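Everything below concerns the one structure shown next.
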Amino acid sequence: MPPPNLPTLRWGVIATGMISSWFVKDLVLDRPDAKAHHTIEAIGSSSQEKGQTFAQEYCPHESTTIYGSYEEVYTDPSVDIVYIGTPHAFHLRNCLDAIAHGKHVLCEKAFTLNASQAREVFAAAKDRGVFVMEAMWIRFHPLTRALQVKIHEDNVIGRVQRVFCDFSLDMDIDSLPDDSRLKNPALGAGSLLDIGIYSLTWALLAADPNVGGKAHVPGILASQKLSNGADVATAAILGYPSGIQAIVTSSLSFATAPQFCRIEGTEGFIIVQGPGTSAPERFTVHLKTPSGDTAAEGITFSFNKPGMGFYWEADAVAVDISEGRIENDIMPWAETIRVLEILDEIRRQGGARYDCD
Ligand SMILES: NC(=O)c1ccc[n+]([C@@H]2O[C@H](COP(=O)([O-])OP(=O)(O)OC[C@H]3O[C@@H](n4cnc5c(N)ncnc54)[C@H](OP(=O)(O)O)[C@@H]3O)[C@@H](O)[C@H]2O)c1
């Protein structure tokens, strides 16, 4: 049991797809080290029956109200915050609707289709005085903080020079129906917004410690392979004035190997790995030996956890809201906008377009 006197956050979840199921399962886990209590007050779905099945499977012990619409979640007075797990193209509308009803918001990545939409959401949140955050959950993973300390505070690999990160999945895209959110540009399809955003996030965390206000948009060279207007593969090089280069890639036709990210410095390199680029489990530091070679054997730091780990971001949100903040320090609004500006530029060069661009 978690300790008493923690903040309690009452969630309304909209959409009952894959990510909503992962998020809700994690929220109801019994965690002795939890920083907040979470309750699933409401679920909104395109159908009441779908919502019912979802609740029975993923949060059977909660007293959850099931709605056959998203609007009823926004108007439910027992809901403090709306979690948005819909396809990318709906995030703008869902965020604005929730905010208009005075609800706080945690919205899945990619936060919106482009940076301009994100600015619109944050302006609405500021006007209404509600908390909003992009659910880029890996930034809240203890591994991420430990990795940043090693790279940017302990300088274990010296000066960072290059970062390579890939997130690719073997989706057999041709076999998916045309209305799949991975295939239909009207739903915000494409590898970049779905998974390439993780490759970019690791690169930014490794190459550029200035998360938030002071961070800048690096120079970008990008190429995309398109199918029906959506990118099935993206490759981008980020170039910093300091000379650091980051190569970020994503594809929907071949699965990434577990060693998904390599960070090279003047004194050694670090490999980050896990079953997916969105599911880090450990990193290994390889230092240069006195002879100048890089040690084949490194020191590994592993991070085991119950469930999947979505509760870290949820706890952070609960603490922020309980203390009256409307944005989070680890995933501030400026960082969401910076990431989307980079994604916008990659798409401008690569050719993937959305109607809202
Ligand atoms: N953080 C992570 O690790 C992670 C992992 C996977 C995905 N995601 C993000 O989560 C979001 C959803 O992805 P997902 O994989 O969960 O998608 P999904 O399994 O396809 O579920 C999306 C849900 O959105 C609702 N929806 C509303 N309008 C829809 C439409 N026109 N077409 C399809 N679905 C519609 C549906 O729920 P109802 O019928 O119940 O309304 C559907 O079940 C995306 O932003 C994605 O990038 C994040």
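Counting starts at 1 for both ligands and their atoms, in listed order. What you see is a predicted model, and the numbers here were worked out from it, not measured in a lab.
- Here Arg348 does not pair with Glu341 in a salt bridge; the nearest charged N to carboxylate O distance is not below 4.0 Å.
- Regarding atom 22 (C) of ligand 1, its nearest protein heavy-atom neighbour is Gly85 O, 3.8 Å.
- Summarising the contacts of atom 44 (C) of ligand 1 with Glu313, His88, Met308, the nearest heavy atom is found in His88.
- Residues Arg338 and Glu335 are paired through a salt bridge, judged by an N-O separation under 4.0 Å between the basic side chain and the carboxylate.
- Ion pairing between Asp178 and Lys183 holds under the 4.0 Å rule for side-chain N and carboxylate O.
- Across every non-hydrogen atom of Arg325 and Asp320, the tightest pair is NE-OD1, 2.6 Å.
- No part of Phe54 comes within 4.0 Å of ligand 1, judged by heavy-atom distances.
- Closest protein heavy atom to atom 41 (O) of ligand 1: Tyr70 OH, 2.5 Å.
- The local environment of CD in Glu49 is sparse, with at most 12 non-hydrogen atoms from other residues, nucleotides or ligands closer than 6.0 Å.
- Counting heavy atoms under 4.0 Å from ligand 1, residue Arg181 touches it through the side chain alone.
- For atom 21 (O) of ligand 1, the nearest non-hydrogen atom from the set Ser180, Gly17, Ala279, Ser278 comes from Gly17.
- At the top of the distance list for atom 45 (O) of ligand 1, counting protein heavy atoms only, stands Lys109 O, 2.7 Å.
- Ion pairing between a basic and an acidic side chain is recognised when a charged N comes within 4.0 Å of a carboxylate O; Glu153 and Arg145 show such pairing.
- Against a heavy-atom cut-off of under 4.0 Å, Asp194 is close to the following atoms of ligand 1: 46 (C), 47 (O).
- Nearest to atom 29 (C) of ligand 1 by heavy atom, out of Trp137, Phe111, Phe90, is Phe90.
- Ranking the protein heavy atoms by distance from atom 34 (N) of ligand 1 puts Pro87 CG, 3.7 Å first.
- Using bins of under 30°, 30° to 60° and over 60° for the plane-to-plane angle, the ring pair Trp333/Phe122 lands in the parallel bin.
- Ranking the protein heavy atoms by distance from atom 37 (O) of ligand 1 puts Thr16 N, 3.3 Å first.
- Distances below 4.0 Å separate heavy atoms of Ser45 from the following atoms of ligand 1: 38 (P), 39 (O), 40 (O), 41 (O).
- Close approach of ligand 1 to Thr86 is summarised as follows: ligand atoms under 4.0 Å from at least one heavy atom of the residue are 11 (C), 12 (C), 24 (O), 44 (C), 45 (O).
- Residue Trp22 has no nitrogen or oxygen atom sitting less than 3.5 Å from a nitrogen or oxygen atom of ligand 1, judged on distance alone.
- Using a 4.0 Å cut-off between heavy atoms, Leu193 makes no contact with ligand 1 at all.
- Geometrically, Arg282 does not engage Phe303 in a cation-pi contact defined by less than 6.0 Å to the ring centre and at most 45° from the axis.
- In terms of protein heavy atoms, atom 32 (N) of ligand 1 is closest to Leu187 CD1, 3.9 Å.
- With a heavy-atom cut-off of 4.0 Å, His91 touches ligand 1 through its side chain alone.
- Using cut-offs of 30° and 60° on the angle between ring planes, the pair His88 and His91 is perpendicular.
- Residue contacts with ligand 1 leave out Phe23, since none of its heavy atoms falls under 4.0 Å from the ligand.
- Aromatic ring orientation, His104 versus Phe131: perpendicular (interplanar angle above 60°, classes split at 30° and 60°).
- Residue Phe310 has at least one heavy-atom neighbour below 4.0 Å for each of these atoms of ligand 1: 1 (N), 3 (O).
- Ile19 N, 2.8 Å is the protein heavy atom nearest to atom 16 (O) of ligand 1.
- Of the candidates Ser46, Ala15, Ser20, Ser46 brings a heavy atom nearest to atom 39 (O) of ligand 1.
- The heavy atom nearest to atom 1 (N) of ligand 1, considering only Glu108, Lys50, Met18, is found in Glu108.
- Asp97 has no carboxylate O lying under 4.0 Å from a charged side-chain N of Lys103, or vice versa, which leaves the two without a salt bridge.
- Both Leu200 and Phe111 sit in one connected hydrophobic cluster of ILVMFWY residues. Membership requires side-chain heavy atoms under 4.5 Å apart, directly or through other members.
- Contact check on Arg262 versus Glu264 returns a salt bridge, with a Lys/Arg side-chain nitrogen under 4.0 Å from an Asp/Glu carboxylate oxygen.
- The aromatic rings of Phe167 and Tyr198 sit perpendicular, their planes meeting at an angle over 60°, well past the 30° parallel limit.
- For the ligand labelled ligand 1, residue Tyr198 lies inside the 4.0 Å heavy-atom shell.
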